**Student:** 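Structure below; questions to follow.
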Amino acid sequence: MNLRRQISEQEKQEIIKRHTRDGILRCFVDNHPIENLEEVEYHHIRPFCEDGPTNLDNIAPVCKEHHRRIRTLSLIEFRDKMKLDRFFEEEYRKSDGVRLDDVFAYLVGESGYGKVVQWERLDRQIKLYWEGDEPEILPLYQCPVTGFEYFYALVPVKHLKNDTELQPRPLEPPRMWELYRHFLRYTQLAPAVCRLVDNQIMLFDGQHKTAAQIWAGRCRVECKVYLDPDKRVIKETVLAAHDKLRQMPFYTSTLISRYSSLFKEDWEEYMERPGTKSEKGFVQFLIKAKGVPKGEAMKRLRAAIENDILEDPENKLQEYIAEKNKSRKNPLTIYAVQQTFLKEFIAPPPLEVEFESTQDFRRQEKKNLIKLLNLIVDKTLSGRWNPEAKNEAHHTAERIYAAGALKAWVPMLRAVIAAKLNLVDDEEKNRVFFRQIDDETFASVIEPVVNRLFSHKIWLDPDPEIDANLRVNNVDHVKQFFKSRGLSAQWLLGIEDD
Ligand SMILES: [Zn+2]
């Protein structure tokens, strides 16, 4: 958010002075030097609307580029988002996913976590000798069903470790980011769950909230810790709990709660029913058991799938959608995005495939589409869309996103990507992204198509007739016009030359 109150020249000088070390002024976001003082802008560290005080301690200098990208985040959130993105980018390259231990290692160092803790039993209590801290005596409880003993503690991060055997799943970046933002403002409701075995506290449930809270700066995490329980029984318990809550990854609570609480209740009720679960099954459940009209049921499902993509913090297109960024004139509306990118690249719901079965690629589809959208943003909008400047770059962007143009090139792009991925079957062509597409295929097959599309001469040609024709809100007209200027699926495929 921008500063609502103007700050005086004198105050600016004072802020610059405070953030200058060894003669170098640094951007608050990632500490890079700002050499040109004209590039300096000012932003609240804690947001104004959340009672962040408007005193000079709460204002920091930010470079123009970062300031533009902050949008509705507070400065601390934005800085941490950048850090989180970089972290996941680096870690992802190293292995097949990021785990809680990687977060620990990143934030507190390889030797800074997973330390053994000495402890002793005192009747119905446990005495814990935290490293570098006073010993702590806590009550021991017993589970009436299994007889397992456990205690509750605020466990220092240095004594925590991921329980790789019981929790092999990697962290999901969007979930961690959502929870991170949540924990900047709210308390932790349910504790994370661990087991204490051979002086080691291993966390097997609640890894996202733990990672998020540590990222948010907490150094202790609220935990329920079992005292060396029967591993086999715990394993079964975890499996049973997760089996019952199978809505986990794609249909996460974040997705459903965003849509409506009513929908969430219906969803949970459906998931608790016996039998295999699918989108189609859910729509039928809404119609038959809940009396929701078919059109409405379909609308709800589609909205949930679409919002999940539109609201994803990784999705850079958001910034250019009018309803999502009201601070300037934007090239797109939610409706236009639905009618083009979402319509073309999402396998039409409701699907019959069982959730989370090996045939369910909704998550990959989302990932693929966001990757494509971000690529398109980088090529056509980022640093180009600038309604005030009215320069050539902006003019090109306006052409690309003119109502008719968008409706014509997005389906063309989809068709060519389908061809390049060797999809021949009609059903497969309707779900180009509903599959695993690895980074290499993306870079070698899809990226060149996008590059070729936006390298076409039609986008730069000074002929004003082009603008008039691309604004015609009739897809057949624009397709014909494209063709008359040499832009066609054939050309995009590389079969025809310029
Ligand atoms: Zn900066």
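Everything quoted here is computed from the prediction, not taken from an experiment. Numbering of ligands and ligand atoms starts at 1, following listing order.
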**Student:** Ignoring water, what protein N, O or S atoms are under 2.8 Å from the Zn ion (ligand 1)?
**Tutor:** C27 SG, H32 NE2, C63 SG, H66 ND1

**Student:** Taking I370's backbone N and O only, do any of them form a donor-acceptor pair with N315's side chain (distance below 3.5 Å, no angle check)?
**Tutor:** no

**Student:** Does the gap between the ring centers of W491 and F482 come in under 6.0 Å?
**Tutor:** no

**Student:** For the backbone of R362 and the side chain of D360, can you confirm whether one donor and one acceptor N or O come within less than 3.5 Å of each other?
**Tutor:** yes

**Student:** Donor-acceptor pair, N330 side chain versus R328 backbone, under 3.5 Å?
**Tutor:** yes

**Student:** Taking W385 for the side chain and H394 for the main chain, is one N or O donor matched with an acceptor at less than 3.5 Å?
**Tutor:** no

**Student:** For the side chain of R220 and the backbone of L154, is there at least one donor-acceptor N/O pair under 3.5 Å apart?
**Tutor:** yes

